[in-house]
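Just so you know, ligand 1 is whichever comes first in the structure, and atom 1 is the first atom listed for that ligand.
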Amino acid sequence: MRVTRRKFGQSGLAAGVAAALPASLMSACSLASNAARGGHAVIPAESNGAYLQSTEVSFPKNFVWGAATAAYQIEGAPKEDGRGESIWDRFVHTAGKIKNGDTGDVACDSYRRWREDIALLRAMNLKSYRFSIAWPRIQPLGVGNANSKGIDYYSRLVDALLESRIRPFVTLYHWDLPQALEDAGGWPNRDTAFRFADYVEVVARALGDRVSDWMLFNEALAFTYNGYLDGTHAPGRTSIIDFLRASHSVNLAQAAGFHALKAISPSARVGTAFNMSACQPATDSEADHQAAERCHAITNLWFLEPALKGRYPEALAFLPETIMRIKSGDLDKMRAPLDFVGINLYYRTIASASSAMERMVHPTEWLLPVKMRAGIEGTKTDIGWEVWPNALYSIVTRITRDFNRPQIEITESGCAYNERPDGTGVIRDERRIAYHRQYLLALAKAIADGADVRGYHAWSLIDNFEWAEGFSQRFGLAYVDFKTQQRTIKDSGRWYAKVAAENRVPAVTSAA
Ligand code: FCB
């Protein structure tokens with residue numbers, strides 16, 4: 001098993017899930033072969049798409065160019081203005097959890113320097129800023145009335161963005177649960193779903209007159225899996241049962257939050273940012289195709305199908321309902337007709353079936369026979385993730401096909417490359433330009449093939465605190481000197497500014 005921050009999509013989920021399941025459910029696990037193959041987007045292993053050679057590609061009129069950040073990764077100021085403790089504050093101060101003992105106590109100091117961040121967005125000609133609201137700034141203990149100083153911070157940010165004609169694109173939950181709610185059971189506690197809906201209501205009342213585009217969650221799979229099953233993220237628990245229960249609470253919360261928001265702002269555009277990956281069978285065997293479908297169900301549908309179809313994915317039909325504490329009527333309660341599907345995509349996943357021998361050696365793999373690993377044919381970014389632009393094409397076209405052509409927002413894509421300023425202070429990050437260029441060409445092809453994609457948000461506007469990796473991985477279009485907090489636009493930021501201004505990806509010769 002590959003144990004990195006890249007979680008679910010590349011680990012032996014099988015072992016954990018199966019451990020929690022009664023053996024009598026085993027037989028329900030086999031999929032009809034036709035169903036497994038139907039609609040499967042096979043990515044040719046040998047090619048990453050000839051279209052990536054295209055010289056220049058334009059995007060649709062009104063396509064929105066943006067960049068993304070998240071509160072805990074940039075704000076710092078954990079105790080300022082009455083902010084409560086979050087699970088990330090607790091986690092980063094637990095020995096051994098974060099590389100080099102880094103914390104987000106200061107991060108990019110954006111709680112004070114948000115005007116500088118807006119100046120960067122303007123300099124890059126961006127028209128959408130995806131940022132998140134820290135729940136413990138709004139409700140320090142996760143319940144009750146709004147902390148007005150917390151609201152004021154986001155209110156000022158929103159107003160300044162609007163003045164700059166930049167869309168505030170707000171994520172309501174990017175992983176920083178108030179610690180008090182974790183102490184009360186955290187996401188595995190069903191009640192947290194309703195606390196979330198209350199919080200959404202408080203925020204909607206405060207900002208709903210000016211914010212019209214929202215995401216309920218960022219990467220529900222990542223924070224439930226890493227937080228409750230593999231323990232590499234806050235709150236650091238390692239329990240399959242907690243993971244399953246957290247999943248169900250989040251699915252309930254997603255719908256409850258959706259309806260709370262719509263009740264206050266009926267015309268708001270409300271979605272969620274899902275972490276997705278293109279699941280590719282390791283070989284053309286029937287068994288590997290089935291494995292790839294299970295990989296797809298776990299990775300991409302676990303929180304999407306409940307919202308859009310009021311059910312858990314069929315490929316995981318053996319779900320342990322009692323262990324997950326699914327109550328009668330819950331499937332309807334999970335429904336939320338999201339206005340758009342937010343896709344965070346960085347890489348693909350290779351899926352294969354576990355062999356009979358492997359299942360004998362690891363009996364827990366009987367129930368979810370799929371092994372998932374990272375692709376290895378593409379180049380790697382500095383964090384070790386494979387560059388595979390065709391994964392974006394593949395997932396965008398598949399979601400388009402399987403969910404009746406929903407509106408899609410690319411809510412994140414990006415790469416960790418750790419170039420630093422050269423002798424003249426310039427950050428020559430050609431590799432980042434090449435990454436975004438190729439992913440954008442893949443996206444343009446998906447749009448040409450019929451996908452309704454409304455915008456692209458590069459992760460990230462600025463280098464920031466990369467969770468368990470601390471400050472060791474730089475994803476920004478702008479460089480941050482973490483000693484002085486000085487921000488400097490990288491070559492990639494200049495290139496992206498041109499893309500945004502011209503609404504097209506230029507020919508490669510003019511890229512760098
Ligand atoms: C995504 C997260 C985001 C950032 C990028 C690199 O999974 O949503 O906060 O860490 O990865």
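At a heavy-atom distance under 4.0 Å, no atom of Asn275 approaches ligand 1.
Near Gln73, with a cut-off below 4.0 Å to any heavy atom, the atoms of ligand 1 are 3 (C), 4 (C), 9 (O), 10 (O). Interface atoms of ligand 1 facing Trp467, defined by a heavy-atom separation under 4.0 Å, are 3 (C), 4 (C), 9 (O), 10 (O). The Phe475 neighbourhood of ligand 1 comprises atoms 6 (C), with distances under 4.0 Å to a heavy atom of that residue. Within ligand 1, counting atoms from 1 as listed, the ones closer than 4.0 Å to a heavy atom of Asn218 are 8 (O).
Pro389 and Ala442 make their closest contact through O-CB, 3.3 Å (heavy atoms, listed as atom of the first residue, atom of the second, distance). In plain terms, the two heavy atoms of Thr400 and Ala451 that are nearest each other are OG1-CB, 3.4 Å.
When the heavy atoms of Glu469, Glu466, Gln473, Glu412 are ranked by distance to atom 2 (C) of ligand 1, first place goes to Glu412.
Tested against His233 for a ring-ring contact (aromatic ring centres under 6.0 Å, His included), the candidates Trp187, Trp88, Phe223, Tyr72 yield a single pass: Trp88.
Counting non-hydrogen atoms of other residues, nucleotides and ligands closer than 6.0 Å to CZ of Arg156 gives a total above 12.
One N or O on the side chain of Ser413 and one on the backbone of Leu345 form a donor-acceptor pair closer than 3.5 Å.
Residue-ligand proximity: His174 is placed with a non-hydrogen atom under 4.0 Å from ligand 1.
Aromatic pair Trp65/Phe63: ring centres closer than 6.0 Å.
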